[in-house]
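Report on the structure given below.
Reckoned from all heavy atoms, side chains included, excluding hydrogens, waters and symmetry mates.
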Amino acid sequence: MAIVKPFTCIRPECSVVSKVAALPYDVYNRKEACQVTASNPLSFLNIDRAETQFPEDVDMYAPQVYHKARQLLDAWVADGTFVTDKGDNYYLYQLTMDGRSQTGIVACCSIDDYETGVIKKHENTREDKELDRIRHVDVTDAHTGPIFLAYRSNEALARITGQVMGNTPLYDFVSEDGIGHRVWRIGDPRTVQAIEEGFKAIPATYIADGHHRAASAVKVGLKRRQENPGYTGREPFNYFLSVLFPEEQLFIMPYNRVVKDLNGLSMEKFFTAVYEKFDVAKVGKEACSPQKKGTFGMYLDGVWYMLKIKPQFVTEDPVKGLDVSVLQEQLLGPVLGIGDPRTDKRIDFIGGIRGLGELERRVAEDMTVAFSMYPTSIQELFAVADAGLLMPPKSTWFEPKLRSGIFIHRLS
């Protein structure tokens, strides 16, 4: 049973929401973040990446950076940039990209569900990335970027969502990257109760994107419990901000790979090794991406090839059977010498949103071989998480990205 609660939302005033809404904090490096905030003083990135308010010689993890984020958030609430809705509400958040839409329910999820495994994970987190968001959440006393969760299809929730979308949206704007954003507020007590009851019928939810934000939010919640031994479990710090989407609406793009060199192999020896595990077809100059599981595009020396894993190397194991695992275990590791893709500097990962042209550009610029992938499916993600296992790094690229700053949840 998933505990999914309405909450008291702090949100941008309608006239400024398109300027406030920002891509997630970890999409940018420091230089890029500074460029965004310099051109848009209302971008939520000013708060999510408050080092942009300081000279370059100031450590981005310095205490004053997090205090600046709190100062800015409080100031924007005080001057009316942000407004606070009355009472506890749910919200619908619809994103539209290239003509297809996905609509999620904005709510707060329980840190206990995270701890007990009702909220399922499929990735490890890094301590350094956790510490940054722990400090940010704790000092600002707020969740500013929602966690992207998925759930299996539910007819009752789908029916409610459809009914709410017949109303006039609270927000309706198109961001600079062409993504459409629409938001509806759900305050009717009967509808609120129906949504809460609907999620009680769902045995598990799944983190699609935002593992570090989720882990950080939970750790701050547990810290607040230690600081408040008389807590009841109803305090806001027991919950974290989320947007929950039904599985059938989600769009996962491939996470492609580029490798620096052929590990000292000649072209002939490299292809000999590849032929042992894969059927190889030469495509030519036209860029190609796989159209089914178990196949891989390869770009080398100005030519595209299509690789297909041989049947004897196919497995039903939920992790080893992923295409990202097959490529790693059968080619990248044994042939190209990529031992740990999380730390090896000879490999890089290219989100599918950047297209195959980016693979060709990287090979021309600083890499030798590129691989285009077939996207991991949401069902594969569910299977890995249900088995209590972890996916290899860079297995999924979800689009479109949720914006930060549209919904804010205070912890106290």
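- Although no hydrogens or angles enter the test, the distance criterion places a donor-acceptor pair under 3.5 Å between the side chain of His211 and the main chain of His122.
- A distance-only check finds no donor-acceptor pair linking the side chain of Arg135 to the backbone of Val65 [under 3.5 Å].
- Between Glu235 and Asn228, the side chains place no donor N or O within less than 3.5 Å of an acceptor N or O (distance only, hydrogens not considered).
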Apply the test side chain to side chain donor-acceptor pair (under 3.5 Å) to residues Tyr66 and Asp132: give CA-CA distance (whole Å), side-chain angles for both, the deciding distance (0.1 Å), then the verdict.
CA-CA 9 Å; Tyr66 301 101; Asp132 168 49; 2.8 Å; yes

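- A donor-acceptor contact shorter than 3.5 Å is absent between the side chain of Ser325 and the backbone of Gly321.
- With a 6.0 Å radius and a threshold of 12 heavy atoms from other residues, nucleotides or ligands, Lys310 has its NZ atom above the threshold.
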Please evaluate residues Leu149 and Ile207 with respect to the criterion side-chain contact (heavy atoms from CB on, under 4.5 Å), reporting the C-alpha separation (whole Å), side-chain torsions for both, the decisive distance (0.1 Å), and the verdict.
CA-CA 5 Å; Leu149 297 179; Ile207 299 178; 3.6 Å; yes

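- Heavy atoms from other residues, nucleotides or ligands lying under 6.0 Å from CD of Gln193 number 12 at most.
- The existence of a salt bridge linking Arg224 and Asp138 is confirmed by a sub-4.0 Å separation between a basic side-chain nitrogen and an acidic carboxylate oxygen.
- One N or O on the side chain of Arg410 and one on the backbone of Thr140 form a donor-acceptor pair closer than 3.5 Å.
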Does the pair Glu380 and Lys293 meet the rule for a salt bridge (charged side-chain N to carboxylate O under 4.0 Å, His left out), with working shown?
CA-CA 11 Å; Glu380 288 176 315; Lys293 182 175 169 59; 2.8 Å; yes

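- For the 3.5 Å distance criterion, the side chains of Glu247 and Gln379 qualify, holding a donor opposite an acceptor.
- Distance alone, capped at 3.5 Å, places no donor-acceptor pair between the Glu329 side chain and the Val326 backbone.
- Between Asp348 and Lys260, none of the side-chain N atoms (NZ, or NE/NH1/NH2) sits under 4.0 Å from a carboxylate O, so this pair counts as no salt bridge.
- Judged as a ring-ring contact (aromatic ring centres under 6.0 Å, His included), the pairs with a partner in residues 350-395 (not counting sequence neighbours) are, in order, Tyr206-Phe382.
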Using the salt bridge (charged side-chain N to carboxylate O under 4.0 Å, His left out) rule, take Asp48 and Arg133 through it: C-alpha gap first, then chi angles, then the decisive distance, then the call.
CA-CA 9 Å; Asp48 252 357; Arg133 287 300 102 175; 3.5 Å; yes

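- Side-chain N or O atoms of Asp113 include none that pairs as donor or acceptor with a backbone N or O of Ser110 at under 3.5 Å.
- Under 3.5 Å, the side chains of Thr368 and Asp261 contain no donor-acceptor pair of N or O atoms.
- Under the 4.0 Å criterion applied to side-chain N and carboxylate O atoms, Asp386 and Arg152 are assigned as salt-bridge partners.
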What's the verdict on salt bridge (charged side-chain N to carboxylate O under 4.0 Å, His left out) for Lys223 and Glu227, showing C-alpha distance, side-chain angles and the deciding distance?
CA-CA 6 Å; Lys223 175 177 177 286; Glu227 296 168 349; 2.6 Å; yes

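- With hydrogens and angles left out, the side-chain atoms of Trp184 and Gln94 include no donor and acceptor closer than 3.5 Å.
- Two residues are said to be in side-chain contact when any heavy atoms from C-beta on lie closer than 4.5 Å; His143 and Leu411 meet this criterion.
- In summary, the side chains of Arg11 and Tyr171 do present a donor paired with an acceptor at a separation below 3.5 Å, with no hydrogens or angles considered.
- Listed by chain and residue number, Phe278 satisfy the ring-ring contact (aromatic ring centres under 6.0 Å, His included) test with Phe296 (two or more places apart in sequence, or in another chain).
- No side-chain heavy atom of Asn89 sits less than 4.5 Å from a side-chain heavy atom of Pro6.
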Quick one: do Ile406 and Val20 satisfy side-chain contact (heavy atoms from CB on, under 4.5 Å)? Show the steps, please.
CA-CA 7 Å; Ile406 300 179; Val20 172; over 6 Å; no

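- No hydrogens or angles considered: a donor-acceptor pair under 3.5 Å links the side chains of Asp188 and Thr191.
- A donor-acceptor pair under 3.5 Å is formed between the side chain of Gln291 and the backbone N or O of Ser289.
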Please report the C-alpha distance between Leu45 and Thr52 in whole Å, then the side-chain angles of each, then the deciding distance to 0.1 Å, and finally whether the side-chain contact (heavy atoms from CB on, under 4.5 Å) criterion is met.
CA-CA 8 Å; Leu45 210 57; Thr52 58; 5.6 Å; no

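- When atom types are taken as modelled, the side chain of Ser242 and the backbone of Leu244 share no donor-acceptor pair closer than 3.5 angstrom.
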Using ring-ring contact (aromatic ring centres under 6.0 Å, His included), reason through Phe407 and Tyr93 one step at a time and then give a plain yes or no.
CA-CA 10 Å; Phe407 313 98; Tyr93 180 19; 5.6 Å; yes

Check the pair Phe251, Phe398 against ring-ring contact (aromatic ring centres under 6.0 Å, His included), reporting the backbone distance first and the verdict last.
CA-CA 6 Å; Phe251 180 50; Phe398 284 90; 9.4 Å; no

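- Side chain to side chain, Thr125 and Glu130 meet the donor-acceptor criterion of an N or O pair below 3.5 Å.
- The neighbour count for Lys5 NZ, taken as heavy atoms of other residues, nucleotides or ligands under 6.0 Å away, does not exceed 12.
- Side-chain contact between Ile147 and Leu241: absent, with no pair of heavy atoms (C-beta onward) separated by less than 4.5 Å.
- For the residue pair Thr37 and Arg49, no side-chain donor N or O sits within less than 3.5 Å of a side-chain acceptor on the partner.
- Side-chain atoms of His136 come within 3.5 Å of backbone atoms of Ile47 as a donor-acceptor pair (strictly under, hydrogens ignored).
- With Ser395 contributing its side chain and Pro392 its backbone, the two residues share a donor-acceptor pair below 3.5 Å.
- A salt bridge links Asp112 to Arg225: at least one charged side-chain nitrogen sits closer than 4.0 Å to a carboxylate oxygen.
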Before you tell me yes or no, could you show the steps for Phe82 and Val16 under side-chain contact (heavy atoms from CB on, under 4.5 Å), namely the whole-Å CA-CA distance, both residues' side-chain angles and the distance that decides it to 0.1 Å?
CA-CA 9 Å; Phe82 285 101; Val16 299; over 6 Å; no

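- Within 6.0 Å of CG on Asp98 lie no more than 12 heavy atoms contributed by other residues, nucleotides or ligands.
- A donor-acceptor contact closer than 3.5 angstrom links the side chains of Ser175 and Asp177.
- Glu365 CD: more than 12 foreign heavy atoms inside a 6.0 Å radius.
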